[in-house]
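Working notes, structure below.
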Amino acid sequence: ACTTGAEQTSSGAAAGATGEQSTGKAIGLSVSTLNNPFFVTLSDGAKAEAKKLGVQVTVADAGNDTAKQTNDIEDLISKNIGVLIVNPVDSDAVSNAVKDAKSKGIKVISVDRVVNGVDVDCKIASDNVSGAKMATEYLMSKVGKNAKIAQLEGTTGASATIDRGKGFHQAADGKAQIVASQTAKFDRATALNVSENILQAHGDVQGIFAQNDEMALGAVEAVAAAKKNVVIVGFDATTDGQSAVKSGKMAATVQQKPDLMGATAIDNAQKLLKGEKVAANVPVSVTLITHKG
Amino acid sequence: MNTKTLSRPRIGDILQNLGAMIALIVLFVAFSIISADFRSMNNILSLLKQASTNGLIAFGMTGVILTGGIDLSVGSLLALTTVVGALMIHAGTAPVIAMLCVLLLGVVLGALNGILITKGRLQPFIATLITMTVYRGLTYIFSNGMPISGLGSDPLLSGVGRGTMMSIPVPVWIMVVLFALYFFILNKTTFGRKVYATGSNEKAAQLAGVNTHKTKVILYTISGFLASAAGLILLSRLGSAQPTIGVGYETDAIAAVALGGTSMMGGRGKIYGTLIGVLIIAVLNNGLNIMNVSSYYQDVVKGIVILLAVLSDRKR
Amino acid sequence: MNTKTLSRPRIGDILQNLGAMIALIVLFVAFSIISADFRSMNNILSLLKQASTNGLIAFGMTGVILTGGIDLSVGSLLALTTVVGALMIHAGTAPVIAMLCVLLLGVVLGALNGILITKGRLQPFIATLITMTVYRGLTYIFSNGMPISGLGSDPLLSGVGRGTMMSIPVPVWIMVVLFALYFFILNKTTFGRKVYATGSNEKAAQLAGVNTHKTKVILYTISGFLASAAGLILLSRLGSAQPTIGVGYETDAIAAVALGGTSMMGGRGKIYGTLIGVLIIAVLNNGLNIMNVSSYYQDVVKGIVILLAVLSDRKR
Amino acid sequence: MTGINKSFSGNQVLKNAEIDIAEGEIHALMGENGAGKSTLMKILTGVYTRDSGEVLVNGTPVNYTHPKQAEEAGIVFIYQELNSVPDLTVRENLFLGKEIHGKFGILDKAAMDKKARQVLDRLGVSIPVDRTMSELSVGQQQMIEIAKALLVDAKVIIMDEPTAAMTLEETRVLFRVLRELKEKGVSTIYISHRMEEIFEICDRVTVLRDGQFIGTKKVSETDMDSLIKMMIGREIGERYPARHSKIGDTMLEVKDFTKKGVFQNVSFSVRAGEVLGVSGLIGAGRTEIMQSIFGYLPRDGGTLLIRGKEVSVHSPEQAISYGIGFITEDRKTEGLMLEKSIRENVSLTNLGRISDHSVIDKKKDMELARKAVQELTIRCSGPEESCDSLSGGNQQKVIFSKWIFTEPKILILDEPTRGVDVGAKKEIYNIINTLAEKGVAVIMVSSELSEILGMSDRVMVIHEGHMAGILNNRPETAAAGEKMASQENIMTLATGGKLK
Ligand SMILES: Nc1ncnc2c1ncn2[C@@H]1O[C@H](COP(=O)(O)OP(=O)(O)OP(=O)(O)O)[C@@H](O)[C@H]1O
Ligand SMILES: Nc1ncnc2c1ncn2[C@@H]1O[C@H](COP(=O)(O)OP(=O)(O)OP(=O)(O)O)[C@@H](O)[C@H]1O
Ligand SMILES: [Mg+2]
Ligand SMILES: [Mg+2]
């Protein structure tokens, strides 16, 4: 029955019937974590857009646990959603669950990160690797060639940590002296202590790349306490991050517009529910917000 | 009169889990009434499948807690064993061999916990807190902090987590079989008696000839084995090994054990209580998700439900 | 002969923490030799400043563990109280009032833990596991999962975490003063006696007229108070309140207590041991960072150092 | 106290119980195990609340709800079960709940030390005040409990079997103190199962049976037999049953057992059918020697021979496999799983008998427990009753049944009748004799001299961890001029003296 349902949805002839059906069908959003402002904004953007369009969206928070995300997607399948928006904790680990969803005729949109091994109906991907590369290049342009720089890493093993680390090394390896690279678990308080320790060990460090704004802001506090002059670049462009850039405490942050990503996902989901065609790839521009002045 | 006193403890046993049982039934009925999606057969089966991981870990935890111990390392152990298994498959080992190695490693790491606690005379909380940290660190080192995917499509490996038998998911079968087995061991064998004796009064048990150290090592070994078995299910369901997996799993398992009325002081408790606890947690997770309750409120709701259940079960 | 037996327990006390003391000295000397940055005065001070948060929490934890209890909620409590404080400042409350409210809320939430454990007759592990979940959920709800910054530049608020007195950071002063105070309370007052008696044999203590319930409630209240005080230091150092802050802080605190030789069973332990444990953890964190040891290996190194220290301190 | 009634979950343990205490008297409270003596006293001091009845102190009705209140009114209770705090020092235990302190609860250590020393000296106890309580032997802990009571300016002291773990020497000190207190007008309620003590120290005696008041008599106007009859409703005849066992070959031989600082070069042997009594003062190390024979306590040196063959016993498990059984001195912490049922306790040492390939046969399990209840006449509502609600004597019988069913060849008994009433004692003696007649070698550690003299074939005396001597106690086998076991001879050896 599932297969027929899927055929119906994809056949233009049955579009009217599907449309009727779809009004009853909801959208499911499986988000990697709501303990991180970036994804909170993404999810809030989606919810606001859904409200505007009058569609129902069910949000499940995987708490950065791949297994929980698989359970969440199963729960959403149980709910008979029409479209699954998935923001994977891990691109590989999510694929079995997404395959299950697809086999039940559910359309799938991936946001922020891709789903490996499955053709999703729409990819809304921002490129963490190139974002980190861009940010690091900007940092190096500020501190000059062969300057001493350090990196604050996110939670070990997290997808963002891996991708942003990759981008950082692509830009910095061989072109700067990386004196320290330590995890601060995406956490501001941890970053404060770790940055203090790095500054103790390397008083001459000129730049710090933090894999998210929370850690960048922790570094800002450490640098201020040590009365040093260090260029700090963050990632995510959170509200706090943006205002720190505006006031010059941070040099730059990478903006991926999570609220826009959330809203775009809902827009596309709505189209898929109606049986309309959507672009397979919706690139989200990664822009650098820098301090002007 | 004799029969009356004989039957008394059994009624007591049921009463002991009454709060949890009622909580389970109330939650189940309430969610079923509110949501047609919840009560669908498909959903019930996927709920049970989701319960299986926590189920296996919680069964192992029950045995350990019955001796007044605790095993905080289960989540890290699960991560380490599955990462090693996935690396072996990558290196060309036959999946079935790799899977056996996962279980074997679970046994070894579990036994190591037990040995630290008995021979090393460390307090269980401290010993497993340390191994929790070390096993996690080793997981990162071996995996280089990266998830390991591309495990191929071995039918056994994918069957363990994703297959069905008589239209019931394989993980559910595994949970049921292991529950029955461990229930039997704890309630019907001499080893079970030794477990309760060790937890009830270790000194008296030793003086009665029970090798309490051996008993404990076996229980931690079983806990390690069951955690790695849970890891295999996840490895199969996810199709990849995650170095970050399992964080906080000890908490869910302990919550299930507590919900089931087992005393953290040891000596008193039942594994079927744990099963009820596992189901309560699974129903809550699944039901609250289906009803689109915000994850922030889910924490609060879960906390309060667990509180009410254990409050109504408290003794003395 | 009398003097010999008289002095025995005192030597025993020192020996009891010998492993930890040696570990601290060895680590400190080793790092100092290897790294000039480590041994700089500035770094030592910032190391001590970093130790202050875990220090305060671990002192509170010591009191609780001395009665055989545990407080898993400290991290969530810290997050909830600081988020509420930051929201109050945002809403226009004078920072000093908001700071008092943070401490007051810490006291209330800590007392709630104590009441659940005594009046509610819940096991400490379960009770604080539940409040850990609920307090964290409430933190997310109040903050909507977002950090709260823009707390202005009140001199008191910024002084608590960032100021110095006689060129020693204020958090270090706070830690030292609260340590001395709590040391005095536990060792030189009738209340301290009640704490140890409650942990060693609760029934005997009750029969001797000790209100063990009251004693416990006070200890959990102190733990809540100290956790919120640690929160104030972090609030000041970060200039913002984080809903995610404090995850895993209970683990660090418990590790420090265990390193200090306090028994998880209650009745036996010393708060100066905890101070040594806090310093070991701080030296490890700081030293490994300074030497740029990969975070993967840091977990393993930390675990092994703690293991060696507690193994060499274990009794009987 | 009059018309006191008390039930525990439907089980009425006191029915119209009563007792009256005059000023400056020592009043014995007697009754079988489970008669309700401790319960009655706990009602007096507010540990339990009564269902009905009246308590008058100096003519005014009182209703204490916490022992602290009774203590403030001058009534102190030395509990039957030790209630010390193991991790605190002697000083801290003595002053627990009544610390001497200045402002803000700041402790005055010096003042406490001084007072503690005075009290301990009065009791002739030489324990340093900052020794941790858990390092003391049971008997020493009991002395501290008594010292605790003396610290309070008491008008009435209740002693619930204070001498159960004491030897003659300590008992004498205690009695001296009791007489001094009496001179000062302090009343004592004295509970004991040692009949001799009642006649030595008490003025009047009140007897309870099954929770009912039977009568109060002047001690001078009664005798042992009629008192026993009041207690158990029948005569028991001789307190120590006649012994007929034939002594066979050497079963167990202990050679040069040494544990540094605890016992040195202990060597002895026991033969089949023989009862070897072991006597000594509190803390002489008897318990430790027995624990190390049983493989529980590691020793520094010495060998163990069973039937002449050297065996290696380093754990209780091994000891049991060689047919050794061990009835421990402390029921609560070593003997029983208190919150578990009689059935579970009895089966723990007999898991092999009730199981088949490690799977428990429920029927056999139940049968064994029923057999225990029947054969040892354990007073309970059934084999499923949990041990913490049994009286002390009945708990002791559970431990006995636990070991008898293992059919031991060698049975070590450490204070087998501690806190056991006269009737049950006789039953236990009968059990011991039956075992001996079956050829079991019995080692019996006891602090009650009359029991040692009444039950043993030979008596080994331990003094400060050394063997002070072995005395013959069977006149018919005595060689000419051999030193025989007698109260004086044992006491001399136990206190380090030499026999003339
Ligand atoms: N807390 C309790 N709950 C239930 N039953 C109890 C409790 N305490 C005592 N009993 C029962 O009350 C009866 C009287 O017990 P009690 O301890 O007063 O006896 P006793 O005369 O002191 O005996 P013993 O000489 O053995 O000390 C016993 O049958 C015992 O099982
Ligand atoms: N846990 C302990 N730690 C240190 N010393 C101990 C401990 N237990 C007993 N002792 C000491 O060992 C010695 C022997 O004690 P033990 O209990 O064997 O004596 P005992 O002859 O059996 O006397 P009792 O009649 O009191 O049981 C005593 O001096 C006692 O203080
Ligand atoms: Mg009694
Ligand atoms: Mg003894």
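Quantities reported herein were computed from a predicted structural model and do not represent experimental measurements. Naming convention: chains lettered A, B, ... in sequence-line order (proteins, then strands); numbering from 1 in each chain.
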Residue part contacting chain A, namely of [X], when any heavy atom lies under 4.5 Å:
X: Tyr296(C); answer: side chain
X: Val293(C); answer: backbone
X: Ser46(C); answer: both
X: Asn144(C); answer: both
X: Arg162(C); answer: side chain

**OP:** Kindly indicate whether the side chain of Arg237(C), heavy atoms from C-beta on, has any atom under 4.5 Å from the side chain of Asn193(A).
**Re:**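 They are in side-chain contact.
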
When rounded to the nearest 0.5 angstrom, what is the spacing between [atom1] in [X] and [atom2] in [Y]?
X: Ser236(C); Y: Glu221(A); atom1: OG; atom2: CD; answer: 9.0 Å
X: Asn289(C); Y: Gln182(A); atom1: CG; atom2: CD; answer: 4.5 Å
X: Ile290(C); Y: His202(A); atom1: CD1; atom2: NE2; answer: 8.0 Å
X: Ser295(C); Y: Lys185(A); atom1: OG; atom2: NZ; answer: 9.0 Å

Subject >> Val179(A), part contacting chain C, at a heavy-atom distance under 4.5 Å >> reply: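 Backbone only.
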
Original post:
Do other residues, nucleotides or ligands put more than 12 heavy atoms under 6.0 Å from the CG atom of Asp173(A)?
Top reply: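 For Asp173(A), atom CG is crowded (more than 12 foreign heavy atoms under 6.0 Å).
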
**OP:** Assess whether atom NZ of Lys246(A) is packed by more than 12 heavy atoms of other residues, nucleotides or ligands within 6.0 Å.
**Re:**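 No, NZ of Lys246(A) has 12 or fewer neighbouring heavy atoms, counting only those of other groups under 6.0 Å.
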
Original post:
So, for Asp187(A) and Thr244(C), which heavy atoms are closest and what is the spacing to 0.1 Å?
Top reply: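 Minimum heavy-atom separation between Asp187(A) and Thr244(C): OD1-OG1, 3.9 Å.
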
Subject >> Closest approach of Ile245(C) to Ala189(A) (non-hydrogen atoms, all atoms of both residues) >> reply: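 So the minimum-distance heavy-atom pair works out to CD1-CB, 3.6 Å.
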
**OP:** Check the pair Glu196(A) / Gln50(C) against side-chain contact (heavy atoms from CB on, under 4.5 Å), numbers first and verdict last.
**Re:** CA-CA 9 Å; Glu196(A) 276 182 358; Gln50(C) 291 165 12; 2.8 Å; yes

**OP:** Give a yes or no answer on whether the side chain of Asn43(C) reaches the backbone of Asn197(A) with a donor-acceptor pair at less than 3.5 Å.
**Re:**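 Side chain of Asn43(C) to backbone of Asn197(A), a donor-acceptor pair under 3.5 Å: no, none is there.
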
Who among [options] has the most heavy-atom pairs with chain A under 4.5 Å?
options: Met146(C), Gln242(C), Gln298(C); result: Gln242(C)
options: Pro147(C), Gly145(C), Ser294(C); result: Pro147(C)
options: Ser240(C), Ala36(C), Gly239(C); result: Ser240(C)
options: Ser149(C), Pro243(C), Gly246(C), Gly287(C); result: Ser149(C)

**OP:** Flag the one option from Leu192(A), Asn36(A), Thr41(A) with the top tally of heavy-atom pairs under 4.5 Å to chain C.
**Re:**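 Most pairs with chain C among the choices: Leu192(A).
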
